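In what follows, a structure is listed as structure tokens, so that the remarks can point back to it.
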Protein chains: 2
Amino acid sequence: MELKRAAEGEKGFEKVFAFLRERLLAGSLKPGDRLISERELATLLGVSRPIVREALRALTVLGIVEIRDRIGTVVTRPDVSVLNDFFTFALAQQADMLDDVMQARVAIECQAIRLACERANIADFERLQRTLAKIGETIDEADAGGMADFEFHRSIVVASHSETLTVLHSSMAGLLTHSHRNRRELVQAFPSMKTYLIDDHRRIFEAVIARDPERADATLRKHFAIGDEFRRRAVVGDLDKTLDKTSASR
Amino acid sequence: MELKRAAEGEKGFEKVFAFLRERLLAGSLKPGDRLISERELATLLGVSRPIVREALRALTVLGIVEIRDRIGTVVTRPDVSVLNDFFTFALAQQADMLDDVMQARVAIECQAIRLACERANIADFERLQRTLAKIGETIDEADAGGMADFEFHRSIVVASHSETLTVLHSSMAGLLTHSHRNRRELVQAFPSMKTYLIDDHRRIFEAVIARDPERADATLRKHFAIGDEFRRRAVVGDLDKTLDKTSASR
DNA sequence: TTAGCTTACTGGTCTGACCAAGATCAGACC
DNA sequence: GGTCTGATCTTGGTCAGACCAGTAAGCTAA
């Protein structure tokens with residue numbers, strides 16, 4: 001990351017952006033700090049205000065900074081919602097990316113469940129149990145059911161007590177809400193899937209309770225694999241076969 | 001996502017941004033398309049050019065669009081490298097997050113190696129072999145050694161042929177370069193670690209070659225665990241014990 | 001037909017200005 | 001003396017118009 005030559009060769013916007021990035025990365029600008037005014041920044045760096053605003057706006061969409069009307073620009077604690085924006089755009093134009101993101105989600109969640117086995121506390125267990133119960137209660141509703149499914153998986157990641165994993169997971173999970181819903185709609189059409197959903201999640205829950213990372217990881221991984229299988233077969237309208245296969249493999 | 005009311009109530013920037021987002025998400029603006037000029041956009045939406053530029057710049061940092069000097073603004077294929085920027089900023093301000101980031105890296109890499117076992121092609125194998133050899137060659141050099149280590153791990157992720165995983169990994173790996181270097185400096189001080197480094201990486205390589213996801217994952221995971229152990233013990237100056245323990249556990 | 005020149009258009013930037021509203025502080029009032 | 005209030009300063013939000021520097025297309029001349 002070459003920030004040294006930022007002072008002269010850059011193109012105005014780059015100059016301001018690099019200037020701010022430097023302070024941000026070096027830590028001299030911390031969350032909560034208020035930046036100097038746009039005008040000051042402009043004269044300080046020898047550029048015009050519109051350019052400064054471009055840079056500030058850029059930092060804003062990156063979630064690094066927040067421009068408060070008539071107050072000033074303050075450094076914020078980086079927020080995940082940026083990733084959501086990005087993924088929304090990215091997926092809109094590249095449907096094939098969905099599978100890729102799913103892989104990342106599996107990665108995050110499997111690691112998270114391992115950590116959860118080590119770090120989960122009573123409150124985490126309770127949340128897991130609550131969301132697990134919710135899955136059972138809402139098994140017949142497409143919307144609520146999808147939400148419950150999502151909440152359960154999120155609880156796993158939260159129980160890992162890893163902020164990075166949580167952040168990554170929530171940004172991807174948002175995108176995958178649709179697939180959750182789709183799966184849930186399948187459930188309505190094929191009641192025999194209910195057992196799979198409930199039992200699978202319960203097995204995952206039990207592995208965490210047992211604080212067995214290996215089993216938890218493996219169970220969760222299998223859960224995803226089966227979900228994949230479901231979706232794949234559903235496309236070719238061959239659901240019964242899937243159900244047979246999955247129950248046989250247990 | 002409420003885009004409908006975008007036409008009037010918005011604040012200039014929001015108006016332009018929403019206008020473009022709408023087209024982007026709806027698909028009427030596809031990668032490769034050239035936007036109308038800034039001036040046209042400004043008059044079309046009833047705002048000034050600087051505002052339009054703010055919006056375009058925002059889309060630029062999101063990797064959605066590319067502003068080409070004296071050519072125009074074109075829609076690009078979403079590039080995941082934006083995440084790199086974000087993570088760089090986000091993680092720079094929370095040093096305590098480093099351990100957390102490491103967990104995410106493990107998550108990414110373990111998932112990647114599973115995919116690599118399925119998807120890796122000859123070129124990937126060759127790159128892995130090349131970087132593995134490099135680790136052996138540079139075992140006595142702190143700088144080059146750390147780089148070789150990094151390259152090997154990166155090769156694993158690249159072999160997964162998952163762009164999302166690759167980007168996530170590189171964003172985190174960059175931050176963790178220091179710890180790599182530190183480890184390497186330890187190697188200089190304790191030559192007996194050389195065997196661990198070389199053998200461990202070779203075992204990982206072999207598991208990928210064998211296309212055995214479970215073994216690859218487990219081996220890689222153990223590799224990280226041992227690295228962790230090394231660093232922990234190093235802090236309390238108890239390296240010999242570590243070496244004994246790790247060789248005994250095999 | 002083609003080489004070369006002209007010109008319209010593009011992004012990149014600056015200047016200076018105006019508005020609305022939060023922040024601040026002095027002075028008036030209790 | 002302490003509190004309230006209003007003028008003023010400052011801040012972001014925005015605009016209009018202008019200039020530069022190249023690019024690309026259109027036109028002219030060979």
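Predicted model, so just to flag it, every value in this text is computed and none were measured. Just so it is clear: chains get the letters A, B, ... in the order the sequence lines come, proteins before strands, and each one is counted from 1.
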> Reckon A:Arg53 touches a base, only the sugar-phosphate, or nothing at all at heavy-atom distances under 4.0 Å?
Replying inline: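 Touches a base.
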> What is the nucleic acid contact for A:Glu54, judged by heavy atoms within less than 4.0 Å: base, sugar-phosphate only, or nothing?
Replying inline: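 No contact at all - A:Glu54 keeps every heavy atom at 4.0 Å or more from the nucleic acid.
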Between [N] atom [atom2] and [X] atom [atom1], what is the distance in whole Å?
X: B:Ile51; N: D:dA16; atom1: CD1; atom2: P; result: 11 Å
X: B:Ile36; N: C:dT10; atom1: CD1; atom2: P; result: 10 Å
X: B:Glu66; N: C:dT10; atom1: CD; atom2: C1'; result: 15 Å
X: B:Leu35; N: C:dT10; atom1: CG; atom2: P; result: 12 Å
X: A:Glu14; N: C:dG11; atom1: CD; atom2: C1'; result: 14 Å
X: A:Leu41; N: C:dC14; atom1: CG; atom2: P; result: 13 Å
X: A:Phe13; N: C:dC14; atom1: CZ; atom2: P; result: 13 Å
X: B:Glu38; N: D:dG17; atom1: CD; atom2: C1'; result: 15 Å

>> So, under a plain 3.5 Å distance rule, would you say the side chain of B:Arg39 forms a donor-acceptor pair with the base of C:dG11?
In response: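 When only heavy-atom distances are counted, B:Arg39 does reach the base of C:dG11 through a donor-acceptor pair under 3.5 Å.
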>> Could you check whether the side chain of A:Arg49 and the base of C:dG16 have a donor-acceptor pair of N or O atoms closer than 3.5 Å, going by distance alone?
In response: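 There is none.
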>> I want to confirm an ordering. Mapping A:Pro50 and A:Arg68 to their closest nucleotides on DNA chain D, which one lands closer to the 5' end?
In response: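 This one resolves to A:Arg68.
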>> Using OP1 and OP2 only, check whether a side-chain N or O of A:Thr73 sits under 4.0 Å from D:dT11.
In response: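 Negative; the distance criterion is not met.
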> Is the distance from OP1 or OP2 of D:dT11 to the nearest side-chain N or O of A:Ser37 less than 4.0 Å?
Replying inline: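 For A:Ser37, the contact criterion (side-chain N or O under 4.0 Å from OP1 or OP2 of D:dT11) is met.
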> Nearest to the side chain of A:Asp69, which nucleotide is it out of C:dC14, D:dG12, C:dG12?
Replying inline: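 Closest nucleotide to the A:Asp69 side chain: D:dG12.
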>> Can you tell me which nucleotide in C:dC14, C:dA20, D:dG13 comes closest to the side chain of A:Arg70?
In response: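 Of the options given, the side chain of A:Arg70 lies nearest C:dA20.
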>> Nearest 0.5 angstrom please: B:Ile64 CD1 to B:Leu56 CG, how far?
In response: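 Result: 12.5 Å between the selected atoms.
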> Is the ring centre of A:His201 less than 6.0 Å from the ring centre of A:His153?
Replying inline: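 Yes.
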> How do B:Glu40 and B:Arg57 order along DNA chain C: which one's closest nucleotide is nearer the 5' end?
Replying inline: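 Result of the comparison: B:Glu40.
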> Mind checking who C:dC30 pairs with, Watson-Crick or G-U wobble, both distances under 3.5 Å?
Replying inline: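 Check on C:dC30: paired to D:dG1, both distances under 3.5 Å.
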Please report the closest heavy-atom contact between [X] and [Y], naming both atoms and the distance.
X: A:Leu41; Y: A:Phe19; answer: CD1-CE2, 4.0 Å
X: B:Ser162; Y: B:Leu115; answer: CB-CD1, 4.3 Å
X: A:Val157; Y: A:Thr166; answer: CG1-CA, 3.6 Å

